Amino acid sequence: MINFSWILETVINAFTSLGLSRDLALRVFIALIILAVGYVVVKIITRITSRILLKLYPRQMTIIVLRIIYYSLLFILIVLFLTSLGIDVSGLMLAGGFAGLVVGVALQPVLANVFAGLYIMAEKVVQPGNAVEVGSVSGEVISLSIMFTRIMTWDGIIVTVPNNLLLSSMLKNYSKTMARRIEITVPIAYGEDIEKAYKVIREVIDKYPYTLVEPSPDIFVSSAGDNGLIVTIRAWVPRQYYYQAVKDLPWLIVKAVSNAGIEIPFPQLSIWFKTPLNLGPTSK
Amino acid sequence: MSVHGICRDYGALGMYGIGVSGRINIGDNIIEYDGARSRYRRMSRDGSITVSLDLQGEHSIVAEPIHSLYIPGFNTKYMLVELVDRIVVPPNSSVGFFIKTPVDLGVFMVGRDFYKLIDVAPLLNYYKYTLYGPLASLEEVSGILCRHWRSRSYNGKTSVEPGECLVEAEVVNELGDSIIVSKILVDASYMPLYYEINTFNCYAGKIRMVVKSRGIGEITYPRIQPPQGYLKADVPAELRPPPIPIIAWKTEMIWGL
(Lines give C-alpha, C1' and ligand atoms only; values in the text may rest on other atoms or scores of the structure.)
Protein backbone atom coordinates (compact mmCIF):
# COMPACT_ATOMS: atom_id res chain seq x y z
CA MET A 1 0.00 0.00 0.00
CA ILE A 2 1.26 3.52 -0.88
CA ASN A 3 2.38 5.48 2.16
CA PHE A 4 1.33 9.08 1.28
CA SER A 5 2.66 10.63 4.48
CA TRP A 6 6.10 9.11 3.75
CA ILE A 7 6.06 10.52 0.17
CA LEU A 8 4.98 13.94 1.48
CA GLU A 9 7.70 13.94 4.12
CA THR A 10 10.38 12.87 1.59
CA VAL A 11 9.42 15.60 -0.93
CA ILE A 12 9.29 18.32 1.78
CA ASN A 13 12.69 17.19 3.07
CA ALA A 14 14.03 17.39 -0.49
CA PHE A 15 12.71 20.96 -0.89
CA THR A 16 14.03 22.06 2.55
CA SER A 17 17.46 20.70 1.62
CA LEU A 18 17.36 23.25 -1.27
CA GLY A 19 17.07 26.02 1.33
CA LEU A 20 13.27 26.45 1.39
CA SER A 21 11.38 26.77 4.67
CA ARG A 22 9.10 23.87 5.60
CA ASP A 23 5.98 26.02 5.06
CA LEU A 24 7.13 27.13 1.57
CA ALA A 25 8.15 23.58 0.66
CA LEU A 26 4.60 22.38 1.48
CA ARG A 27 3.12 25.18 -0.63
CA VAL A 28 5.38 24.33 -3.61
CA PHE A 29 4.41 20.67 -3.31
CA ILE A 30 0.65 21.47 -3.28
CA ALA A 31 1.08 23.96 -6.17
CA LEU A 32 2.88 21.33 -8.27
CA ILE A 33 0.12 18.81 -7.57
CA ILE A 34 -2.51 21.41 -8.59
CA LEU A 35 -0.53 22.09 -11.80
CA ALA A 36 -0.18 18.38 -12.67
CA VAL A 37 -3.76 17.38 -11.86
CA GLY A 38 -5.09 20.61 -13.38
CA TYR A 39 -3.22 20.01 -16.64
CA VAL A 40 -4.67 16.50 -16.92
CA VAL A 41 -8.18 17.88 -16.21
CA VAL A 42 -7.69 20.60 -18.86
CA LYS A 43 -6.65 17.94 -21.42
CA ILE A 44 -9.67 15.75 -20.55
CA ILE A 45 -12.10 18.68 -20.78
CA THR A 46 -10.61 19.75 -24.16
CA ARG A 47 -10.83 16.22 -25.53
CA ILE A 48 -14.46 15.70 -24.45
CA THR A 49 -15.42 19.15 -25.77
CA SER A 50 -13.73 18.44 -29.11
CA ARG A 51 -15.71 15.22 -29.55
CA ILE A 52 -18.98 17.06 -28.87
CA LEU A 53 -18.13 20.11 -31.01
CA LEU A 54 -16.92 18.04 -33.98
CA LYS A 55 -20.39 16.50 -34.19
CA LEU A 56 -22.08 19.90 -34.16
CA TYR A 57 -19.78 22.30 -36.01
CA PRO A 58 -17.32 22.31 -38.91
CA ARG A 59 -13.79 21.11 -38.12
CA GLN A 60 -12.15 24.47 -38.71
CA MET A 61 -14.46 26.24 -36.26
CA THR A 62 -14.07 23.46 -33.67
CA ILE A 63 -10.29 23.90 -33.73
CA ILE A 64 -10.62 27.64 -33.06
CA VAL A 65 -13.12 27.22 -30.22
CA LEU A 66 -10.99 24.46 -28.70
CA ARG A 67 -7.92 26.69 -28.71
CA ILE A 68 -9.90 29.43 -26.91
CA ILE A 69 -11.16 26.92 -24.31
CA TYR A 70 -7.71 25.36 -23.89
CA TYR A 71 -5.84 28.63 -23.32
CA SER A 72 -8.57 30.03 -21.04
CA LEU A 73 -8.41 26.91 -18.86
CA LEU A 74 -4.62 27.05 -18.91
CA PHE A 75 -4.76 30.69 -17.75
CA ILE A 76 -7.09 29.75 -14.87
CA LEU A 77 -4.73 26.90 -13.94
CA ILE A 78 -1.70 29.20 -13.85
CA VAL A 79 -3.63 31.68 -11.65
CA LEU A 80 -4.50 28.79 -9.27
CA PHE A 81 -0.88 27.63 -9.30
CA LEU A 82 0.43 31.10 -8.44
CA THR A 83 -2.25 31.62 -5.76
CA SER A 84 -1.39 28.30 -4.13
CA LEU A 85 2.27 29.43 -4.03
CA GLY A 86 1.10 32.47 -2.04
CA ILE A 87 1.64 34.98 -4.85
CA ASP A 88 -1.00 37.73 -4.93
CA VAL A 89 -2.36 37.75 -8.53
CA SER A 90 -5.00 40.47 -8.02
CA GLY A 91 -2.61 43.14 -9.30
CA LEU A 92 -1.70 40.93 -12.26
CA MET A 93 -5.40 40.37 -12.99
CA LEU A 94 -6.06 44.13 -12.87
CA ALA A 95 -3.14 44.84 -15.15
CA GLY A 96 -4.23 41.99 -17.41
CA GLY A 97 -7.77 43.34 -17.55
CA PHE A 98 -6.54 46.80 -18.46
CA ALA A 99 -4.15 45.42 -21.03
CA GLY A 100 -7.00 43.32 -22.43
CA LEU A 101 -9.13 46.44 -22.79
CA VAL A 102 -6.37 48.31 -24.60
CA VAL A 103 -5.62 45.37 -26.87
CA GLY A 104 -9.36 44.84 -27.47
CA VAL A 105 -9.82 48.44 -28.63
CA ALA A 106 -6.68 48.31 -30.76
CA LEU A 107 -7.66 45.00 -32.34
CA GLN A 108 -11.33 45.84 -32.78
CA PRO A 109 -11.29 45.37 -36.61
CA VAL A 110 -9.41 42.08 -36.23
CA LEU A 111 -11.78 40.82 -33.54
CA ALA A 112 -14.79 41.85 -35.64
CA ASN A 113 -13.45 39.63 -38.42
CA VAL A 114 -12.76 36.79 -35.99
CA PHE A 115 -16.30 36.82 -34.59
CA ALA A 116 -17.76 37.22 -38.08
CA GLY A 117 -15.67 34.19 -39.11
CA LEU A 118 -16.97 32.15 -36.18
CA TYR A 119 -20.55 33.12 -37.05
CA ILE A 120 -20.09 32.27 -40.75
CA MET A 121 -18.68 28.85 -39.85
CA ALA A 122 -21.30 28.06 -37.21
CA GLU A 123 -24.23 29.14 -39.37
CA LYS A 124 -22.70 27.71 -42.57
CA VAL A 125 -23.45 30.99 -44.35
CA VAL A 126 -20.92 29.98 -46.98
CA GLN A 127 -18.83 26.84 -47.34
CA PRO A 128 -15.91 25.91 -49.57
CA GLY A 129 -17.26 24.97 -52.98
CA ASN A 130 -20.22 27.35 -52.83
CA ALA A 131 -20.89 29.66 -55.79
CA VAL A 132 -21.36 33.13 -54.31
CA GLU A 133 -21.63 36.79 -55.17
CA VAL A 134 -20.48 39.37 -52.62
CA GLY A 135 -20.82 42.93 -53.81
CA SER A 136 -19.08 43.00 -57.17
CA VAL A 137 -17.18 39.76 -56.57
CA SER A 138 -18.67 36.60 -58.05
CA GLY A 139 -17.04 33.18 -57.92
CA GLU A 140 -16.44 30.01 -55.94
CA VAL A 141 -15.47 29.92 -52.26
CA ILE A 142 -12.15 28.11 -52.10
CA SER A 143 -11.27 28.54 -48.44
CA LEU A 144 -12.72 29.88 -45.24
CA SER A 145 -10.52 30.95 -42.33
CA ILE A 146 -11.19 32.73 -39.07
CA MET A 147 -10.27 36.11 -40.63
CA PHE A 148 -10.88 35.85 -44.36
CA THR A 149 -12.91 34.10 -47.02
CA ARG A 150 -11.11 33.45 -50.26
CA ILE A 151 -13.15 33.50 -53.44
CA MET A 152 -11.89 32.48 -56.85
CA THR A 153 -13.72 34.58 -59.44
CA TRP A 154 -15.04 32.89 -62.56
CA ASP A 155 -12.08 34.29 -64.51
CA GLY A 156 -9.58 32.76 -62.08
CA ILE A 157 -8.63 35.64 -59.78
CA ILE A 158 -8.42 34.96 -56.05
CA VAL A 159 -10.14 37.64 -54.00
CA THR A 160 -9.66 37.74 -50.22
CA VAL A 161 -12.76 39.09 -48.51
CA PRO A 162 -12.60 40.00 -44.78
CA ASN A 163 -15.26 38.02 -42.94
CA ASN A 164 -16.73 41.16 -41.43
CA LEU A 165 -17.35 42.54 -44.92
CA LEU A 166 -18.85 39.24 -46.04
CA LEU A 167 -21.34 39.35 -43.20
CA SER A 168 -22.25 43.00 -43.61
CA SER A 169 -22.63 42.86 -47.41
CA MET A 170 -25.49 41.60 -49.53
CA LEU A 171 -24.45 37.99 -50.12
CA LYS A 172 -25.88 35.80 -52.87
CA ASN A 173 -25.21 32.08 -52.38
CA TYR A 174 -26.13 30.14 -55.51
CA SER A 175 -25.42 26.79 -53.88
CA LYS A 176 -28.23 26.93 -51.37
CA THR A 177 -30.92 25.91 -53.80
CA MET A 178 -31.37 22.62 -55.58
CA ALA A 179 -32.01 24.24 -58.97
CA ARG A 180 -31.62 27.56 -60.75
CA ARG A 181 -33.83 29.18 -63.35
CA ILE A 182 -32.49 30.05 -66.74
CA GLU A 183 -34.25 32.68 -68.84
CA ILE A 184 -33.84 33.00 -72.61
CA THR A 185 -35.59 35.39 -74.97
CA VAL A 186 -35.99 34.69 -78.69
CA PRO A 187 -37.49 37.16 -81.16
CA ILE A 188 -39.82 35.63 -83.76
CA ALA A 189 -40.55 37.68 -86.89
CA TYR A 190 -44.03 39.12 -87.27
CA GLY A 191 -46.00 37.01 -89.66
CA GLU A 192 -44.37 33.73 -88.60
CA ASP A 193 -46.44 30.92 -87.11
CA ILE A 194 -45.96 31.56 -83.40
CA GLU A 195 -47.73 28.31 -82.44
CA LYS A 196 -45.21 26.37 -84.51
CA ALA A 197 -42.36 28.29 -82.88
CA TYR A 198 -43.78 27.40 -79.46
CA LYS A 199 -43.89 23.69 -80.38
CA VAL A 200 -40.32 23.73 -81.70
CA ILE A 201 -39.00 25.46 -78.55
CA ARG A 202 -41.01 23.10 -76.32
CA GLU A 203 -39.48 20.11 -78.07
CA VAL A 204 -35.97 21.43 -77.43
CA ILE A 205 -36.71 22.04 -73.75
CA ASP A 206 -38.33 18.60 -73.35
CA LYS A 207 -35.43 16.84 -75.03
CA TYR A 208 -32.68 18.66 -73.16
CA PRO A 209 -31.74 16.42 -70.19
CA TYR A 210 -30.83 19.18 -67.72
CA THR A 211 -34.13 21.08 -67.79
CA LEU A 212 -36.25 19.75 -64.95
CA VAL A 213 -39.73 18.33 -65.42
CA GLU A 214 -40.72 19.96 -62.13
CA PRO A 215 -40.68 22.96 -61.59
CA SER A 216 -42.13 22.94 -65.08
CA PRO A 217 -40.68 25.12 -67.84
CA ASP A 218 -42.57 28.18 -69.01
CA ILE A 219 -42.70 29.43 -72.62
CA PHE A 220 -44.71 32.55 -73.46
CA VAL A 221 -44.86 35.65 -75.63
CA SER A 222 -43.62 38.32 -73.28
CA SER A 223 -43.85 41.38 -75.52
CA ALA A 224 -44.27 42.72 -79.03
CA GLY A 225 -40.78 43.97 -79.83
CA ASP A 226 -39.51 46.37 -82.48
CA ASN A 227 -38.64 43.59 -84.87
CA GLY A 228 -40.81 40.68 -83.80
CA LEU A 229 -42.66 38.95 -81.01
CA ILE A 230 -40.42 38.25 -78.03
CA VAL A 231 -40.77 34.69 -76.78
CA THR A 232 -39.46 34.16 -73.24
CA ILE A 233 -38.39 30.71 -72.06
CA ARG A 234 -37.94 30.02 -68.36
CA ALA A 235 -36.67 26.62 -67.31
CA TRP A 236 -35.15 25.21 -64.11
CA VAL A 237 -31.93 23.26 -64.20
CA PRO A 238 -29.95 21.52 -61.39
CA ARG A 239 -27.59 24.14 -59.98
CA GLN A 240 -24.47 22.20 -60.99
CA TYR A 241 -25.55 22.29 -64.66
CA TYR A 242 -26.60 25.94 -64.77
CA TYR A 243 -23.56 27.12 -66.72
CA GLN A 244 -23.85 24.17 -69.10
CA ALA A 245 -27.49 25.05 -69.77
CA VAL A 246 -26.63 28.74 -70.24
CA LYS A 247 -24.21 27.68 -72.97
CA ASP A 248 -26.37 24.99 -74.60
CA LEU A 249 -29.97 26.14 -74.58
CA PRO A 250 -29.86 29.45 -76.49
CA TRP A 251 -27.86 27.80 -79.25
CA LEU A 252 -30.13 24.72 -79.40
CA ILE A 253 -33.27 26.87 -79.49
CA VAL A 254 -32.00 29.24 -82.20
CA LYS A 255 -30.83 26.27 -84.28
CA ALA A 256 -34.16 24.43 -83.92
CA VAL A 257 -36.21 27.54 -84.74
CA SER A 258 -34.08 28.28 -87.81
CA ASN A 259 -34.19 24.65 -88.97
CA ALA A 260 -37.99 24.77 -88.72
CA GLY A 261 -37.96 27.62 -91.23
CA ILE A 262 -39.06 30.23 -88.72
CA GLU A 263 -37.43 33.63 -89.16
CA ILE A 264 -35.52 35.18 -86.29
CA PRO A 265 -35.52 38.86 -87.23
CA PHE A 266 -32.43 40.99 -87.11
CA PRO A 267 -32.73 44.55 -85.78
CA GLN A 268 -34.13 46.76 -88.53
CA LEU A 269 -35.43 50.31 -88.82
CA SER A 270 -38.27 51.33 -91.17
CA ILE A 271 -38.23 55.02 -92.17
CA TRP A 272 -41.39 56.53 -93.65
CA PHE A 273 -41.13 59.77 -95.58
CA LYS A 274 -44.09 62.07 -95.16
CA THR A 275 -43.65 63.60 -98.66
CA PRO A 276 -42.83 61.60 -101.82
CA LEU A 277 -39.10 61.18 -102.24
CA ASN A 278 -37.64 61.56 -105.69
CA LEU A 279 -34.60 59.35 -105.99
CA GLY A 280 -34.17 59.89 -109.79
CA PRO A 281 -31.44 61.98 -111.44
CA THR A 282 -31.89 65.72 -110.93
CA SER A 283 -32.58 67.73 -114.14
CA LYS A 284 -30.40 70.75 -114.81
CA MET B 1 -46.39 -0.69 -74.69
CA SER B 2 -43.97 1.87 -73.36
CA VAL B 3 -44.86 5.36 -72.15
CA HIS B 4 -41.51 6.84 -73.08
CA GLY B 5 -39.54 6.44 -76.26
CA ILE B 6 -37.35 3.37 -76.26
CA CYS B 7 -34.66 2.57 -78.77
CA ARG B 8 -35.99 -0.06 -81.15
CA ASP B 9 -33.02 -1.36 -83.03
CA TYR B 10 -31.03 -4.09 -81.32
CA GLY B 11 -28.51 -6.24 -83.09
CA ALA B 12 -28.79 -9.02 -80.53
CA LEU B 13 -32.06 -10.57 -79.43
CA GLY B 14 -31.00 -10.43 -75.84
CA MET B 15 -28.13 -8.78 -74.12
CA TYR B 16 -28.11 -9.08 -70.35
CA GLY B 17 -25.49 -11.31 -68.86
CA ILE B 18 -23.67 -12.23 -72.02
CA GLY B 19 -20.02 -11.62 -72.57
CA VAL B 20 -19.44 -8.77 -75.02
CA SER B 21 -17.33 -9.51 -78.07
CA GLY B 22 -17.31 -8.15 -81.59
CA ARG B 23 -19.78 -5.43 -82.59
CA ILE B 24 -23.28 -5.16 -81.16
CA ASN B 25 -25.98 -2.64 -82.09
CA ILE B 26 -27.62 -1.05 -79.08
CA GLY B 27 -30.28 1.38 -80.28
CA ASP B 28 -28.45 4.41 -81.63
CA ASN B 29 -25.09 3.08 -80.43
CA ILE B 30 -22.69 0.38 -81.44
CA ILE B 31 -20.53 -1.25 -78.81
CA GLU B 32 -17.42 -3.06 -79.87
CA TYR B 33 -14.94 -5.15 -77.94
CA ASP B 34 -11.77 -6.29 -79.59
CA GLY B 35 -10.57 -9.10 -77.32
CA ALA B 36 -7.20 -9.47 -79.07
CA ARG B 37 -6.32 -5.80 -78.44
CA SER B 38 -8.34 -5.53 -75.19
CA ARG B 39 -10.01 -2.43 -76.60
CA TYR B 40 -13.58 -1.42 -75.79
CA ARG B 41 -15.37 1.20 -77.82
CA ARG B 42 -18.84 2.72 -78.02
CA MET B 43 -19.72 4.71 -81.06
CA SER B 44 -22.75 6.32 -82.56
CA ARG B 45 -24.25 5.23 -85.86
CA ASP B 46 -22.39 7.97 -87.75
CA GLY B 47 -19.12 6.42 -86.61
CA SER B 48 -18.06 9.04 -84.07
CA ILE B 49 -16.47 7.42 -81.03
CA THR B 50 -18.10 8.24 -77.69
CA VAL B 51 -16.07 5.95 -75.43
CA SER B 52 -12.72 4.30 -76.11
CA LEU B 53 -10.99 2.26 -73.41
CA ASP B 54 -7.83 0.20 -73.38
CA LEU B 55 -8.42 -2.51 -70.78
CA GLN B 56 -5.42 -4.08 -69.12
CA GLY B 57 -5.05 -7.30 -67.14
CA GLU B 58 -7.01 -10.53 -67.16
CA HIS B 59 -10.69 -9.73 -67.59
CA SER B 60 -13.92 -10.24 -69.49
CA ILE B 61 -16.62 -7.78 -70.53
CA VAL B 62 -20.18 -8.41 -69.36
CA ALA B 63 -23.32 -6.38 -70.09
CA GLU B 64 -25.96 -6.19 -67.37
CA PRO B 65 -28.96 -3.98 -66.61
CA ILE B 66 -28.24 -0.89 -64.53
CA HIS B 67 -30.60 1.71 -63.10
CA SER B 68 -30.94 4.54 -65.60
CA LEU B 69 -29.14 7.13 -63.47
CA TYR B 70 -25.89 7.52 -65.37
CA ILE B 71 -26.91 9.50 -68.44
CA PRO B 72 -25.80 12.24 -68.98
CA GLY B 73 -23.95 11.78 -65.66
CA PHE B 74 -24.58 10.30 -62.24
CA ASN B 75 -26.33 12.95 -60.14
CA THR B 76 -28.81 11.15 -57.93
CA LYS B 77 -29.77 7.71 -56.68
CA TYR B 78 -33.47 8.60 -56.56
CA MET B 79 -36.12 7.93 -59.18
CA LEU B 80 -39.56 9.53 -59.19
CA VAL B 81 -42.01 7.30 -61.03
CA GLU B 82 -45.03 9.28 -62.08
CA LEU B 83 -48.06 7.03 -62.53
CA VAL B 84 -49.88 7.61 -65.83
CA ASP B 85 -53.10 6.46 -64.18
CA ARG B 86 -53.33 7.69 -60.61
CA ILE B 87 -54.29 5.00 -58.15
CA VAL B 88 -57.14 5.42 -55.67
CA VAL B 89 -56.67 3.34 -52.52
CA PRO B 90 -59.76 2.85 -50.31
CA PRO B 91 -59.51 3.52 -46.54
CA ASN B 92 -57.71 0.92 -44.40
CA SER B 93 -56.79 -1.29 -47.32
CA SER B 94 -53.94 -2.07 -49.63
CA VAL B 95 -53.53 -2.52 -53.36
CA GLY B 96 -50.86 -4.38 -55.26
CA PHE B 97 -49.74 -3.71 -58.83
CA PHE B 98 -46.66 -3.62 -61.06
CA ILE B 99 -44.80 -0.62 -62.46
CA LYS B 100 -41.80 -0.24 -64.72
CA THR B 101 -38.62 1.66 -63.96
CA PRO B 102 -35.92 2.73 -66.46
CA VAL B 103 -32.71 0.77 -66.96
CA ASP B 104 -29.73 1.10 -69.25
CA LEU B 105 -27.05 -1.31 -70.29
CA GLY B 106 -24.14 -1.32 -67.89
CA VAL B 107 -20.89 -2.62 -69.34
CA PHE B 108 -18.72 -4.17 -66.63
CA MET B 109 -15.09 -5.18 -66.74
CA VAL B 110 -14.94 -8.36 -64.67
CA GLY B 111 -11.69 -9.72 -63.28
CA ARG B 112 -10.94 -12.58 -60.92
CA ASP B 113 -11.71 -10.61 -57.76
CA PHE B 114 -13.15 -7.32 -59.00
CA TYR B 115 -15.71 -5.77 -61.27
CA LYS B 116 -15.87 -2.21 -62.54
CA LEU B 117 -18.54 -0.32 -64.43
CA ILE B 118 -16.73 1.02 -67.48
CA ASP B 119 -19.58 2.31 -69.62
CA VAL B 120 -23.33 2.79 -69.71
CA ALA B 121 -24.98 2.36 -73.09
CA PRO B 122 -28.35 4.12 -73.35
CA LEU B 123 -31.38 1.95 -74.02
CA LEU B 124 -33.88 4.82 -73.89
CA ASN B 125 -34.71 8.08 -75.58
CA TYR B 126 -35.98 9.79 -72.45
CA TYR B 127 -33.46 11.13 -69.95
CA LYS B 128 -35.05 13.77 -67.77
CA TYR B 129 -34.73 14.79 -64.15
CA THR B 130 -37.16 16.41 -61.77
CA LEU B 131 -37.28 17.95 -58.35
CA TYR B 132 -39.31 16.32 -55.59
CA GLY B 133 -39.82 18.85 -52.81
CA PRO B 134 -38.83 22.49 -52.34
CA LEU B 135 -36.09 24.31 -54.23
CA ALA B 136 -34.26 25.78 -51.24
CA SER B 137 -31.84 23.60 -49.31
CA LEU B 138 -31.43 25.95 -46.35
CA GLU B 139 -33.18 23.59 -43.96
CA GLU B 140 -32.06 20.09 -43.01
CA VAL B 141 -34.82 18.61 -45.15
CA SER B 142 -34.61 19.83 -48.72
CA GLY B 143 -35.97 18.80 -52.10
CA ILE B 144 -34.52 15.80 -53.90
CA LEU B 145 -33.22 15.70 -57.44
CA CYS B 146 -34.69 12.58 -59.07
CA ARG B 147 -34.58 10.73 -62.36
CA HIS B 148 -38.02 11.26 -63.88
CA TRP B 149 -40.01 8.41 -65.36
CA ARG B 150 -43.62 7.79 -66.25
CA SER B 151 -45.12 4.34 -65.91
CA ARG B 152 -48.46 2.73 -66.27
CA SER B 153 -49.63 0.47 -63.49
CA TYR B 154 -50.22 -3.17 -64.36
CA ASN B 155 -52.45 -5.59 -62.54
CA GLY B 156 -50.18 -8.55 -63.14
CA LYS B 157 -46.72 -9.39 -64.36
CA THR B 158 -46.21 -7.99 -67.82
CA SER B 159 -43.51 -8.17 -70.45
CA VAL B 160 -40.80 -5.56 -70.50
CA GLU B 161 -39.02 -3.93 -73.38
CA PRO B 162 -35.29 -3.18 -73.42
CA GLY B 163 -34.80 -0.22 -71.07
CA GLU B 164 -37.59 -1.23 -68.72
CA CYS B 165 -37.54 -3.16 -65.48
CA LEU B 166 -40.53 -4.60 -63.68
CA VAL B 167 -41.19 -3.63 -60.07
CA GLU B 168 -43.81 -5.11 -57.80
CA ALA B 169 -45.53 -2.33 -55.83
CA GLU B 170 -47.91 -2.33 -52.89
CA VAL B 171 -49.65 0.71 -51.42
CA VAL B 172 -51.01 0.35 -47.88
CA ASN B 173 -53.48 3.00 -46.80
CA GLU B 174 -53.72 3.15 -42.99
CA LEU B 175 -55.94 6.23 -43.06
CA GLY B 176 -59.69 6.24 -42.52
CA ASP B 177 -60.10 8.04 -45.82
CA SER B 178 -59.23 7.04 -49.37
CA ILE B 179 -56.01 8.36 -50.89
CA ILE B 180 -54.80 9.06 -54.43
CA VAL B 181 -51.27 8.06 -55.35
CA SER B 182 -49.78 9.80 -58.39
CA LYS B 183 -46.07 9.17 -57.92
CA ILE B 184 -43.63 6.89 -56.17
CA LEU B 185 -40.17 7.92 -55.00
CA VAL B 186 -37.62 5.12 -54.91
CA ASP B 187 -34.01 4.91 -53.83
CA ALA B 188 -32.24 2.84 -56.48
CA SER B 189 -29.53 1.76 -54.03
CA TYR B 190 -32.14 -0.30 -52.18
CA MET B 191 -33.43 -1.94 -55.38
CA PRO B 192 -31.07 -4.62 -56.67
CA LEU B 193 -31.73 -5.61 -60.26
CA TYR B 194 -32.23 -9.16 -61.44
CA TYR B 195 -32.08 -10.28 -65.05
CA GLU B 196 -32.69 -13.32 -67.18
CA ILE B 197 -29.53 -14.24 -69.03
CA ASN B 198 -29.45 -13.59 -72.79
CA THR B 199 -32.74 -11.66 -72.71
CA PHE B 200 -33.80 -8.12 -71.91
CA ASN B 201 -36.00 -9.32 -69.04
CA CYS B 202 -35.38 -7.38 -65.84
CA TYR B 203 -36.90 -7.48 -62.38
CA ALA B 204 -36.25 -4.94 -59.58
CA GLY B 205 -37.97 -6.59 -56.60
CA LYS B 206 -40.73 -5.15 -54.47
CA ILE B 207 -41.52 -1.77 -52.95
CA ARG B 208 -44.11 -1.13 -50.29
CA MET B 209 -45.60 2.32 -49.67
CA VAL B 210 -47.31 2.81 -46.30
CA VAL B 211 -49.46 5.93 -45.92
CA LYS B 212 -50.04 6.86 -42.29
CA SER B 213 -50.88 10.53 -42.72
CA ARG B 214 -52.28 12.58 -45.57
CA GLY B 215 -49.74 13.35 -48.29
CA ILE B 216 -46.94 11.47 -46.56
CA GLY B 217 -45.73 7.99 -47.43
CA GLU B 218 -42.95 5.68 -46.35
CA ILE B 219 -41.39 3.38 -48.93
CA THR B 220 -39.76 0.19 -47.75
CA TYR B 221 -38.01 -2.48 -49.79
CA PRO B 222 -39.02 -5.97 -48.63
CA ARG B 223 -36.69 -8.75 -49.75
CA ILE B 224 -38.41 -11.29 -51.93
CA GLN B 225 -37.19 -14.14 -54.08
CA PRO B 226 -36.54 -13.14 -57.70
CA PRO B 227 -38.27 -15.20 -60.39
CA GLN B 228 -36.78 -18.58 -61.20
CA GLY B 229 -33.67 -18.37 -63.35
CA TYR B 230 -32.96 -14.69 -62.72
CA LEU B 231 -29.46 -13.55 -61.77
CA LYS B 232 -28.53 -10.59 -59.60
CA ALA B 233 -26.86 -7.79 -61.55
CA ASP B 234 -23.60 -6.26 -60.34
CA VAL B 235 -24.07 -3.03 -58.39
CA PRO B 236 -21.88 -0.03 -59.29
CA ALA B 237 -20.10 1.74 -56.42
CA GLU B 238 -22.51 4.71 -56.44
CA LEU B 239 -25.51 2.49 -55.81
CA ARG B 240 -24.18 0.18 -53.14
CA PRO B 241 -26.49 0.35 -50.10
CA PRO B 242 -25.04 1.29 -46.72
CA PRO B 243 -24.01 -1.76 -44.65
CA ILE B 244 -26.90 -1.48 -42.20
CA PRO B 245 -29.80 -3.84 -41.50
CA ILE B 246 -32.53 -4.08 -44.11
CA ILE B 247 -35.04 -2.66 -41.63
CA ALA B 248 -33.48 0.79 -42.10
CA TRP B 249 -33.87 0.70 -45.88
CA LYS B 250 -36.67 3.16 -46.40
CA THR B 251 -37.48 6.34 -48.30
CA GLU B 252 -39.74 9.09 -46.98
CA MET B 253 -42.17 10.86 -49.30
CA ILE B 254 -43.01 14.00 -47.36
CA TRP B 255 -43.74 16.35 -50.25
CA GLY B 256 -46.93 14.73 -51.53
CA LEU B 257 -47.97 11.43 -53.09
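Numbered from 1 within each chain, the chains take letters A, B, ... in sequence-line order. This one's a predicted model, so the numbers in the text were calculated from it and none came from an experiment. All heavy atoms count here, side chains included; hydrogens, waters and symmetry mates do not.
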Which bit of A/Thr211 comes within less than 4.5 Å of chain B, counting heavy atoms only: side chain, backbone, both or neither?
-> both
Interface moiety of A/Asp206 toward chain B, non-hydrogen atoms closer than 4.5 Å | backbone
Please say whether more than 12 non-hydrogen atoms of neighbouring residues, nucleotides or ligands are located less than 6.0 Å from CZ in B/Arg240.
-> yes
For A/Trp251, does the CH2 atom have more than 12 heavy-atom neighbours from other residues, nucleotides or ligands under 6.0 Å away?
-> no
Taking every non-hydrogen atom, the tightest pair across A/Met178 and B/Leu131 = CB-CD1, 3.6 Å
More than 12 heavy atoms from other groups under 6.0 Å of CZ on A/Arg202 = yes
Residue pair A/Val237 / B/Tyr129, side-chain heavy-atom distance below 4.5 Å = no
Would the number of heavy atoms belonging to other residues, nucleotides or ligands and lying under 6.0 Å from CG of B/Asn155 be above 12?
-> no
Considering residues, nucleotides and ligands other than A/Tyr71, do more than 12 of their heavy atoms fall under 6.0 Å from its OH?
-> no
In terms of heavy-atom contacts, B/Leu145 and A/Gln240 come closest through CD2-NE2, 4.3 Å
Does a side-chain heavy-atom distance below 4.5 Å link B/Ile71 with A/Pro209?
-> no
Could I get the full list of disulfide (SG to SG under 2.5 Å) partners for B/Cys146, not counting sequence neighbours?
-> none
Just wondering, do B/Pro72 and A/Tyr241 contact through their side chains at under 4.5 Å, heavy atoms?
-> no
Spell out, as yes or no, whether a donor-acceptor pair under 3.5 Å connects the side chain of A/Lys207 to the backbone of B/Tyr127.
-> no
Does A/Leu212 offer a backbone N or O that forms a donor-acceptor pair with the side chain of B/Thr130 under 3.5 Å?
-> no
Can you establish whether the number of heavy atoms outside A/Phe220 located under 6.0 Å from its atom CZ is more than 12?
-> yes
Measure the CD-NZ distance between A/Glu214 and B/Lys128 for me, rounded to the nearest 0.5 Å.
-> 11.5 Å
